[in-house]
Amino acid sequence: MDGRRPSQIRNINTRLGLNRNAEGSCYIEHGNTKVLCAVYGPYEGKASKRLENRCSIVCQYSATTFSGLERKNRPRGDRKSTEISRLLEKAFESVILTDSFPRSQIDIFCEVIQGDGSNLAACINAISLALADAGIPMKGIASAVTCGVIEGKPIVDLTSREETDLLPRVTLATISGRDEVVLVELQNRLHIDHLNTVMETAKSTCADVYECLAVVAQQHIRACAPILG
Amino acid sequence: MEVYLSDDEKLFLIAGIEDNIRNDGRTCADFRQVVLEQGVLTGTNGSCRVQLGHTTDVLAGIKLELESFDKDSEKNTPPPFKFFVDFSANASSQFAGKGGDEYAEELSAALTTAYSNSYDILGNLKKVQLADGYRWKIYVDVTVLQWNGSVIDAISLGVIGALHNLSIPEVEISPDDGGKVSIVLKRPRTGGNVRDEEVPVDTWKLDVSRCPLLVTVSKIGTGNVIDCTPEEETCIRSQLWVGLTPISNNDFEVTCVKQVGSGLLEIESVNEMISLSSGAVKGLHSALLHRLKTEEYRKPGHSFLL
């Protein structure tokens, strides 16, 4: 639709460590999708959420009221954002080495400033980098992408114009661009014959996105080296 | 973000303020550095981002919606603005969930009060009334991305920036069946009833030169302070929000006064605080108008926060 080839992702721009109050923070752009993410913790959280053997993870997804095409009434608390929050929580419970911080809590907050498709995937990428910025031990950097199918052919990194009501789309997240899947979400109906091709494309695109994120993380660590000593 | 200061540190701050010197070298009537950028979001009709002292960070976006109303039941036309403030959890983990809602509500109420006589302060606002029964509704949404004191000051600046950036499309109104009207975006016709979709729609802008600025004035010790840092906010006795709108070159009208938080104030000190704020706003207002005029518009594809 915007002149890309089917397997081409949009430009990714990032900035790490821009929030001074948070332990780790990240701003990411996938084309016109802009997400801000902050990580607080690990700290001694609420007693009700405390787990004896590992740390608990609390995610909150919210989108500004002016982020979409139509104005929203509430930035968070509706069904869709709650669902996305839970999805993110579950995904990152298996990415973060939660055993390292028993009895503590990590807060992850995502804010979609401008949404132009693939919001969930952009959030996952933002969180990965923010966690890396916070120095929280993980199995690897998680990367994600949203894939759709038009006439049997997979297209990657959908924009909001492409995310129509009928188009089947899969959001896939893997660790370090390898085979370990942490999140799959399918919307709308998809013929089972197409599933394999979509998953293959999504997996290889995840690996591409991972390359981008890894470069950013490494650059950031190098830039921080003089401070860390 | 919670700040903990010892009694001695507080005493040091208070003694400094009573001598008109603050920890970061400012005097009591000085603002921190303000950064203002317009047109940062392409998905909105108008947007603005304001940074105060490198940390307080506010993003304002405006969306327009066509609204129909019953012209007979309404006696006075209400202001077309709808203000909404939201604290992003990114700003501080205390705003997670519903944590910031009450404070945000207070802020949007103050904005609504300050803009309550908006037809007087915005000269050409009448134009949003399109025809009998139709008008533009202006949704002004503000998100606080980072919080480090004096958030209402930053918000009021952001709102003015976004209103200045707001471009409202010109429309053509033609009578339709049954006493109704049809509203079409103004585009040159290529022939008959076909309009040229390639040409961008003509737009018009609001005149924001008389928009109200809101400032926080705080009483610390016996001194009055503008634009507090979080450290200074721990020593506050009482705080006042003052909304000021310029009426002539050097004169300001008060559109909103509100005491926030706990603490007691004497009548005389309220007057003192208001006069201090009007003095400080004078400088800020002329700087703001200068910035709005001279800011270079960013190239498409250039992204903010980077």
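Because the structure is predicted, anything quoted here is derived from the model rather than measured. Excluded from the calculations below are hydrogen atoms, water molecules and symmetry mates; all remaining heavy atoms, backbone and side chain alike, are included. Throughout, a chain's letter reflects where its sequence line sits, starting with A, and its residues are numbered from 1.
Counted within 6.0 Å of CG on B:D207, heavy atoms from surrounding residues, nucleotides or ligands total more than 12; the atom is thus considered enclosed. Within 6.0 Å of CD on A:Q8 lie more than 12 heavy atoms contributed by other residues, nucleotides or ligands. Atom NZ of B:K127 sits in a crowded spot, with more than 12 heavy atoms from other residues, nucleotides or ligands closer than 6.0 Å. With a 6.0 Å radius and a threshold of 12 heavy atoms from other residues, nucleotides or ligands, B:K82 has its NZ atom at or below the threshold.
Between the B:Q146 side chain and the A:L18 main chain, a donor and an acceptor come within less than 3.5 Å of each other. Using a distance-only test at 3.5 Å, with no hydrogens or angles considered, a donor-acceptor pair links the side chain of B:K63 to the main chain of A:L69.
Going from atom CZ of A:R74 over to atom CG of B:D86 covers 11.5 Å, rounded to the nearest 0.5 Å. In this structure, A:K72 NZ and B:Y139 OH are separated by 15.0 Å, a value rounded to the nearest 0.5 Å. Within the model, atoms CG of A:D107 and CG of B:N90 stand 11.0 Å from one another, a figure rounded to the nearest 0.5 Å. Here B:T42 contributes atom OG1 and A:N32 contributes atom CG; the two are 4.0 Å apart, rounded to the nearest 0.5 Å.
In this structure, the portions of A:N19 lying under 4.5 Å from any heavy atom of chain B include both its backbone and its side chain. Proximity to chain A (any heavy atom under 4.5 Å) is restricted, for B:T55, to the side chain, taken from C-beta onward. Residue A:R71 touches chain B through both its backbone and its side chain, counting heavy-atom pairs closer than 4.5 Å.
A pairwise comparison of heavy atoms in A:N21 and B:W147 identifies ND2-O, 3.6 Å as the closest pair. Considering all non-hydrogen atoms of both residues, A:Y40 and B:A89 come closest at CE1-O, 3.9 Å.
Counting heavy-atom pairs closer than 4.5 Å to chain B, the top-ranked of the candidates A:C110, A:S85, A:A38, A:G31 is A:A38.
Using a 4.5 Å heavy-atom threshold, the side chains of A:I113 and B:L41 count as touching.
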